[in-house]
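Data first, discussion second: the structure below is written as structure tokens.
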Amino acid sequence: DSQAFLKVVADTPSDVPVTSFSILFSRFKGDLLTQVEGALAVDRLRTGGRILVSEACSHHPIGEDIGRVKIPRWLTQYVGGKLEFTHVQGHDFPDDLAEYKLVIHCGACMLNRREMLARILRCREAGVPVSNYGLVIAYSLGIFERALEPFPAACDLYRTHMKNKG
């Protein structure tokens, strides 16, 4: 689970690939490379930026909920300033995405691939980066490359980005 990334990475030998359920589902249900690009957009977030957090299921959030508490806390720490988070659940997904700087989606285990790809396409058409929980968590915690190791094309995309950035 992405919430345990730091502990898992610390406890796992470097020659053993590490990833998460959410990242696997990005590849299975969505478009991993598009969502990797979306995670890279975290570096462009600024204080006051609006972020949409979308959960496909409609569970009742509890305590340290990943989408409502943990991800907002990690991103706020990463950016170094307050961000504005909007949360939607189930089949609710805004028609107008233009106000958002980033859309962060859950792993989409409750959606079929077609519906997840449709959401990704809507984000792309609106010019809004889209990623998912596991990718954003790994990026904001500084373990992105390690979490992408099982996916060579995604690793290459990240390394190219870092080379061009530096």
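In this text, all values refer to a predicted model and were calculated from it rather than measured experimentally.
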Report yes or no: do [X] and [Y] belong to one cluster of Ile/Leu/Val/Met/Phe/Trp/Tyr joined by side chain heavy-atom distances under 4.5 Å?
X	Y	answer
Val136	Val36	yes
Ile104	Ile137	yes
Ile143	Val18	yes
Leu24	Leu32	yes
Leu141	Phe151	yes

Residue of the set Val79, Ile71, Leu75 for which side chain to side chain contact (heavy atoms under 4.5 Å, CB included) holds with Ser140: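 For Ser140, the side chain to side chain contact (heavy atoms under 4.5 Å, CB included) check succeeds only for Leu75.
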Please test Leu117 against Leu121 for side-chain contact (heavy atoms from CB on, under 4.5 Å), starting from the C-alpha separation and ending with a verdict. CA-CA 6 Å; Leu117 289 173; Leu121 179 61; over 6 Å; no
Between Arg46 (side chain only) and Gly81 (backbone N and O only), is there a donor and an acceptor less than 3.5 Å apart?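 Checked: no pair found.
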Using modelled atom types and a 3.5 Å cut-off, is there a donor and acceptor pairing between side-chain atoms of Thr12 and backbone atoms of Val9?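 Side chain of Thr12 to backbone of Val9, a donor-acceptor pair under 3.5 Å: no, none is there.
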Could you check if a side-chain atom of [X] sits within less than 4.5 angstrom of a side-chain atom of [Y], using non-hydrogen atoms only?
X	Y	answer
Phe25	Leu111	no
Glu115	Asn112	yes
Lys165	Asp43	yes
Trp74	Tyr78	no
Cys123	Phe93	yes
Tyr133	Glu55	yes
Asp31	Arg124	yes
Val128	Arg122	no

Once you round to the nearest 0.5 Å, how far does [atom1] of [X] lie from [atom2] of [Y]?
X	Y	atom1	atom2	result
Leu157	Leu33	CG	CG	6.0 Å
Leu135	Thr34	CG	OG1	11.0 Å
Ile23	Phe144	CD1	CZ	7.0 Å
Leu83	Thr76	CG	OG1	4.5 Å
Leu148	Thr19	CG	OG1	7.0 Å
Cys106	Ile66	SG	CD1	10.0 Å

Can you name the nearest heavy-atom pair linking [X] to [Y], along with the distance?
X	Y	value
Cys57	Met110	CB-CG, 3.6 Å
Lys101	Pro129	O-CD, 3.4 Å
Pro72	His87	CG-NE2, 4.4 Å
Ile120	Gly30	CD1-CA, 3.8 Å
Lys29	Met116	O-CB, 3.4 Å
Tyr100	Leu52	CD2-N, 3.5 Å

Donor-acceptor pair between Gln35 and His105 side chains, under 3.5 angstrom: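 Judged by distance alone, the side chains do not pair up.
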In sequence, state the C-alpha distance, the side-chain angles, and the governing distance for Lys163 and Arg159, and then conclude on side-chain contact (heavy atoms from CB on, under 4.5 Å). CA-CA 6 Å; Lys163 189 184 319 176; Arg159 289 179 187 131; over 6 Å; no
Which of parallel (below 30°), tilted (30 to 60°) and perpendicular (above 60°) describes Tyr158 and Tyr139?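 Judged by the thresholds at 30° and 60°, the geometry between Tyr158 and Tyr139 is perpendicular.
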State whether the number of non-hydrogen atoms from other residues, nucleotides or ligands found under 6.0 Å of Lys70 atom NZ is greater than 12.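 More than 12 heavy atoms, drawn from other residues, nucleotides or ligands, come within 6.0 Å of this atom.
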